[in-house]
Amino acid sequence: MKPIEIAVVGLGYVGLPLAIQFARANVKVLGLDIDADKVDLINNGRSYIKHIAPGTIEEVVRQNTLCASTDFSRVSKVEAVIICVPTPLNKNREPDISFILETGRAIAPHLWRETLVVLESTTYPGTTDGDLRTVLEEGSGMKAGVDFHLAFSPEREDPANEQSKVKLIPKVVGGYTPACLERAMALYSKTIDKVVPVSSCRVAEATKLLENIFRSVNIALVNELKLVYGAMGIDIWEVIEAARTKPFGFMPFYPGPGLGGHCIPIDPFYLTWKAREYGQHTRFIELAGEINTRMPEHVVHRVADALNTQSKPIKGSRILILGLAYKPNVDDERESPSYALMKLLAERGAEVAYYDPYVPVIKPTREHPQFAGRKSVEWNRTIIKAFDVVLIATNHSSINYQELGDWAQCIVDTRNAMAAVQVANGKVWKA
Ligand SMILES: NC(=O)c1ccc[n+]([C@@H]2O[C@H](COP(=O)([O-])OP(=O)(O)OC[C@H]3O[C@@H](n4cnc5c(N)ncnc54)[C@H](O)[C@@H]3O)[C@@H](O)[C@H]2O)c1
């Protein structure tokens, strides 16, 4: 039997596709996770992420190129360990790198000379060659760059984008030493078409933050322009469509009900926190965060306006949030602005429900424990008609917007999802 070559730690939205990608390139992969349910599902060839077909996992498990385990001592058998664990913010909105450090402590005693450790979790510059290196060296008794190799390579995952294949997305890599970089480049080149070397782990960490801050700032810009143009009676969506015909120097970003997902609402604050240590201010990032987090309030005002024309208050009104996932066509509802909308409307006395074909039930979350266990309503005329307002928070493409236009009493649309649908005048409110 072929020896296991690499371990991927953290089999979530990033780690699982990466593990599959290596396995398909005939690199034998050991997937490690603390979640025994995920490990069992993988070993039985089953998927727990909507956009990863079960057949894909079954194929590599059957070929024996992917297996999963909760036993971290098995790292002693691999040549490289890639870490893809979560990097959230704590309750004070400061970086929480505890998952990275726990992983470091769990693998360190089992590392052998020449093993390569690569961190992929998004984080502030200095995590790999500072925090992670320290726990690895303490736990292994070896020196990074001398006895074992260390690198950082950010993940560029675009869930549900059919064109976005791990193999085709250029991979930035920074090493702790030139030899570390060389090892990491050789590893990724086995399965990724283009590997982009940079001079250090810190440059690679900073690259990922730039990419996500770029999105956050530009989304904030169009969110602000939505309000400004809205007050002038100009539709921001029409403006963006016109502007995007410019063949150079413009890139479209779209407004929405607020930021969601594991990256854009969180990662920029990894940098703001670290920048303080250097006496640096991050005003663009803070301002973008402020504008984006204020969007749900704006949407609630639009719901109030829409109800007002029917002589109804928010209190006691039945409001359906359409789409709980943070972006179209995924089942990922982490940090979704839909939760903020549900909370704000419920606080004002509305009866709030949701419909999302990809999130049949709300799992317990630290941020919104009050919604755990709630189930999506069914999609039919009687149910949709019974709501005073349907609030489109996420524009899944599987939803029949013509049916929605025919059935709903009133629609508040944060995604321009109703643009191409014929509806009675005054029924749709853009927000
Ligand atoms: N989701 C994305 O689109 C995306 C894109 C680029 C970068 N990232 C970054 O990648 C990292 C992982 O994100 P994700 O979306 O895959 O998270 P995720 O929550 O989907 O998956 C993380 C996995 O790690 C496991 N885990 C947690 N602690 C662990 C530990 N101590 N040891 C082993 N496994 C552990 C969890 O059980 C889970 O399966 C984060 O830093 C994130 O910012 C995410």
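We're numbering straight along the sequence, starting at 1. Start at 1 and go down the list; that is how both ligands and their atoms are numbered.
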Looking only at protein heavy atoms, which one is nearest to atom 41 (O) of ligand 1, and how far off is it? Thr87 OG1, 2.5 Å
Would you call the rings of Trp237 and Tyr254 parallel, tilted or perpendicular if under 30° counts as parallel and over 60° as perpendicular? parallel
Distance to 0.1 Å, residue and atom name: give those for the protein heavy atom nearest to atom 27 (C) of ligand 1. Pro86 CD, 3.5 Å
Verify whether one side chain among Tyr48 and Asp35 offers a donor that lies under 3.5 Å from an acceptor in the other. no
If only side-chain N and O atoms count, and only distance matters, is there a donor-acceptor pair under 3.5 Å linking Tyr358 with Ser398? yes
I'd like to know if the side chain of Thr103 and the backbone of Phe99 have a donor-acceptor N/O pair within less than 3.5 Å. yes
Tell me, which protein residue and heavy-atom name are nearest atom 24 (O) of ligand 1, and how many Å apart are they? Gly10 CA, 3.3 Å
Any side-chain donor-acceptor pair under 3.5 Å between His396 and Asp356? yes
Does a donor on one side chain and an acceptor on the other come within less than 3.5 Å for Asn329 and Ser397? yes
Report the part of Ala106 (side chain from C-beta onward, or backbone N, CA, C, O) that has a heavy atom under 4.0 Å from ligand 1; answer both or neither where that applies. neither
Just to confirm my output: which protein heavy-atom neighbour is closest to atom 36 (C) of ligand 1, and how far is it? Asp33 OD1, 3.5 Å
Any side-chain heavy-atom pair from Glu182 and Met185 closer than 4.5 angstrom? no
Sort out for me which residue in Thr414, Leu259, Asn223, Leu341 forms a side-chain contact (heavy atoms from CB on, under 4.5 Å) with Met295. Asn223
For atom 9 (C) of ligand 1, the protein heavy atom that lies nearest, with its residue and separation: Thr122 OG1, 3.5 Å
Within a distance under 4.0 Å of any heavy atom of Gly12, pick out the atoms of ligand 1 and give their elements. 16 (O), 18 (P), 20 (O), 21 (O), 23 (C), 39 (O)
Side chain or backbone of Ser121 under 4.0 Å from ligand 1, or both, or neither, by non-hydrogen atoms? both
Closest approach of any protein heavy atom to atom 11 (C) of ligand 1, naming residue and atom: Val85 O, 3.4 Å
Checking the N or O distance criterion of under 3.5 Å, is ligand 1 in contact with Gly15? no
What do you reckon, is CD of Glu59 surrounded by more than 12 foreign heavy atoms closer than 6.0 Å? yes
Could you give me the CA-CA distance, side-chain angles and deciding distance for Asp96 and Tyr270, then say whether side-chain hydrogen bond (donor to acceptor under 3.5 Å, both in side chains) is met? CA-CA 9 Å; Asp96 173 5; Tyr270 268 65; over 6 Å; no
Sub-3.5 Å N/O-N/O distance, Glu120 and ligand 1: no
Relative to the heavy atoms of Leu11, which atoms of ligand 1 are at a distance of less than 4.0 Å? 23 (C), 39 (O)
Any side-chain heavy-atom pair of Val27 and Thr191 under 4.5 Å: no
Asp35 versus ligand 1: do any nitrogen or oxygen atoms come within less than 3.5 Å of each other? no
Go through the side-chain N and O atoms of Glu333 and Tyr339 and say whether any donor and acceptor fall under 3.5 Å apart. yes
Atoms of ligand 1 close to Glu102 [distance to a heavy atom under 4.0 angstrom, numbered from 1]: 31 (N)
Answer with side chain, backbone, both or neither: which part of Tyr48 has a heavy atom less than 4.0 angstrom from an atom of ligand 1? neither
Mark up the atoms of ligand 1 that fall under 4.0 Å of a heavy atom belonging to Phe99, in ascending order. 27 (C), 28 (N), 31 (N)
Considering heavy atoms of the protein only, find what lies nearest to atom 19 (O) of ligand 1 and give residue, atom and distance to 0.1 Å. Arg334 NH1, 3.1 Å
Note: ligand 1 atoms sitting under 4.0 Å from heavy atoms of Thr103 are 30 (C), 31 (N), 32 (N)
Judged by heavy atoms only, the candidate from Lys208, His262, Arg156, Arg105 nearest atom 6 (C) of ligand 1 is Lys208
Give the residue, atom name and distance (to 0.1 Å) of the protein heavy atom nearest atom 10 (O) of ligand 1. Val14 CG2, 3.4 Å
